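These notes concern the structure reproduced below.
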Number of protein chains: 2
Amino acid sequence: MSETLLAFFKAMADESRLRIIGLLAQGERSVQELARALDLKEPTVSHHLAILRGLGLLTVRAEGTTRWHVLDHAALEGLSKRVLQSATAPPPRGADVAEDKLLQGFVDRDGTLKQIPASRKKRAAVLRWLMRAFASGRRYSESEINTLLQEHHWDSATLRRELVGHNMLARKDRVYWRLPETDWKSGSAP
Amino acid sequence: MSETLLAFFKAMADESRLRIIGLLAQGERSVQELARALDLKEPTVSHHLAILRGLGLLTVRAEGTTRWHVLDHAALEGLSKRVLQSATAPPPRGADVAEDKLLQGFVDRDGTLKQIPASRKKRAAVLRWLMRAFASGRRYSESEINTLLQEHHWDSATLRRELVGHNMLARKDRVYWRLPETDWKSGSAP
DNA sequence: CGTCTAAATAGATGCCTATCGAAATGCAAG
DNA sequence: CTTGCATTTCGATAGGCATCTATTTAGACG
């Protein structure tokens, strides 16, 4: 998934390949034609075409010894849409593998917390996930905290109390801040 | 325009920067935090942040000596949309500067030919633009020609005849092919 | 002003890859 | 089978860029 993202951007991050895409969007072209149009040698063009083929962006048709390449508009559009969606997606879930499955039960794909888990262990996992919204070293007002939490669940007050109870957030006066992750184990039950 | 496109893809074509974007999508982070999270040195992170700032993707807030960076979601989404639109756009008009203005009067943004120009000079310009759909060296059946032309105008028959009359397409039996551009000047009136 | 910390800049190094020439492959035609 | 052409594969080179160390700038605090 994420590999495709990187691969896609790397493929598009080259001027020659962008120009090739432009030409192949207009119609079929042979390697020769492309080489002449771009002022490159055939091996170079072949190299670029291989990369674009690897992403499934091209359709090839052999006619004798020459190969006619053309852009697969649908493939490009599809790939782009998927890439953009994941690139501009709202707060993504963690890269952890262990917790991820657990979270999928309680967190919607758009980042909405469907329900606050009753089980202490599961609740802790969800709270850890919520902590991704808070940077360490920064101080937050209570209203800031609520705004951030409400993006995931309506009951920001409960979540805020839970976070403090699990030693993930600390509070003094009306100011909150993130505690180091090493403290999170020794939570006193709320 | 096209520079922005390349710059955007180059900026996104790096794993470290993608991870930085991921982190800054969740909330504010300092350079230190990012360096620790990514296992990189501060100068490296600083370098990446400068590139992302250059594209206007980040918002920075100074607090003492530390700078809190955060992703500007709107900017990313806007840039992405624009980039994708131009990357997946239908048959683009020429890179010529001279003809381009002329074409804008007859060709819609989506590539539809609104009207076949009556003036011979303007008609020739439009026909030249249509020829971008045809590769040299390839042979086309009449139905292929019609299919390609109908993407731009319903009256493919007239367009086909005009293209032959202007020495842009040649015809023998029922097969058509593109003529070299040097022939296009000496058109015998249809 | 001197010191401490956070970040930016400068300069050096190493990896990745776009590009090329040369050689190999594949296909068509005599 | 041999010849010829279009393309791919191979190996080498060079330029770009991510990353590092070392240094400089800038703010906070006494």
Side-chain angles (χ1 to χ4, degrees), chain A residues 3 5-24 28-55 57-70 135-139 177-178 180, chain B residues 3 5-24 28-55 57-70 135-139 177:
Chain A
E3 301 165 15
L5 215 167
L6 224 189
F8 172 77
F9 283 127
K10 282 197 171 174
M12 306 294 281
D14 180 272
E15 182 173 359
S16 298
R17 282 194 287 271
L18 284 181
R19 294 178 67 196
I20 287 178
I21 289 179
L23 289 170
L24 295 186
E28 285 185 334
R29 299 289 145 100
S30 67
V31 176
Q32 267 198 342
E33 286 175 322
L34 291 171
R36 219 175 316 131
L38 302 176
D39 196 27
L40 292 176
K41 300 299 174 184
E42 280 92 345
T44 305
V45 172
S46 202
H47 163 69
H48 290 309
L49 290 175
I51 291 175
L52 295 175
R53 273 199 312 266
L55 282 174
L57 293 179
L58 304 185
T59 307
V60 193
R61 179 178 67 86
E63 176 182 311
T65 84
T66 89
R67 275 136 226 216
W68 297 97
H69 293 256
V70 69
S136 68
R138 159 133 196 239
R139 298 163 66 200
W177 63 94
R178 181 196 181 101
Chain B
E3 300 167 16
L5 216 167
L6 225 189
F8 173 76
F9 282 127
K10 281 197 173 176
M12 306 295 281
D14 180 89
E15 182 173 359
S16 298
R17 281 194 287 272
L18 284 182
R19 295 178 66 196
I20 287 179
I21 289 178
L23 289 169
L24 296 186
E28 285 185 335
R29 299 288 143 102
S30 68
V31 175
Q32 266 198 340
E33 286 175 322
L34 290 171
R36 219 177 315 132
L38 302 176
D39 197 29
L40 292 175
K41 300 298 175 185
E42 281 91 345
T44 306
V45 172
S46 205
H47 163 68
H48 290 310
L49 290 174
I51 291 175
L52 296 176
R53 273 201 310 267
L55 284 174
L57 294 179
L58 304 185
T59 309
V60 193
R61 179 178 68 84
E63 177 182 310
T65 85
T66 90
R67 276 133 218 218
W68 296 99
H69 293 255
V70 70
S136 67
R138 157 134 196 240
R139 297 163 66 199
W177 63 93

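Throughout, a chain's letter reflects where its sequence line sits, starting with A, and its residues are numbered from 1. What you are looking at is a predicted structure, and each value in this text was computed from that prediction instead of being measured.
- Checked against dA8(C), dT8(D), dA18(C), the side chain of R53(A) finds its nearest nucleotide in dT8(D).
- Following rounding to the nearest Å, E15(B) (CD) and dC15(C) (C1') show an atom-to-atom distance of 15 Å.
- Contact annotation: the side chain of Q32(B) never approaches that of T66(B) to less than 4.5 Å [non-hydrogen atoms, C-beta and beyond].
- Closest to the side chain of H69(B), from the set dA18(C), dC17(D), dA8(C), is dA8(C).
- When the nucleotides dT17(C), dA18(D), dA7(C) are ranked by their closest atom to the side chain of S30(B), dA7(C) comes out on top.
- When heavy atoms are screened at a 4.0 angstrom cut-off, L49(A) is found touching no nucleic acid atom at all.
- When rounded to the nearest whole Å, the span between NZ of K10(A) and P of dG16(D) equals 18 Å.
- Distance CH2 (W68(B)) to P (dA6(C)): 11 Å, rounded to an integer number of Å.
- Base contact: H47(B) has a heavy atom under 4.0 Å from a base atom.
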Legend entry - side-chain contact (heavy atoms from CB on, under 4.5 Å) between I51(A) and H47(A), intermediate numbers included: CA-CA 7 Å; I51(A) 291 175; H47(A) 163 69; 3.7 Å; yes

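- Spacing between atom CG of D14(B) and atom P of dG16(D) amounts to 17 Å, rounded to whole angstrom units.
- You'll find the side chain of L49(A) stays beyond 4.5 Å of the side chain of V60(A), heavy atoms only.
- Aromatic ring orientation, F9(A) versus F8(B): perpendicular (interplanar angle above 60°, classes split at 30° and 60°).
- Residue S16(B) has a polar side-chain atom (N or O) positioned under 4.0 Å from OP1 or OP2 of dT19(D).
- Of the possible polar contacts, none joining the R29(A) side chain to the L34(A) backbone as a donor-acceptor pair under 3.5 Å is found.
- L38(B) places none of its side-chain heavy atoms less than 4.5 Å from the side chain of T44(B).
- Taking only side-chain atoms of R17(A), from C-beta outward, the nucleotide of dT8(D), dA8(C), dA18(C) with the closest atom is dA18(C).
- The listed nucleotides are dA6(D), dT8(D), dA18(D); the one nearest the side chain of H48(B) is dA18(D).
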Inset, instruction - Mark up nucleotides 20-30 of chain C, 5' to 3', with B wherever a protein heavy atom is under 4.0 angstrom from a base atom, S wherever such an atom reaches only the sugar-phosphate, and - elsewhere. - result: BBB---BBS--

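- With contacts defined as side-chain heavy-atom distances shorter than 4.5 Å, the pair R53(B)/H69(B) qualifies.
- For I51(B) and dA18(D), the CD1 to C1' distance is 9 Å, given to the nearest whole Å.
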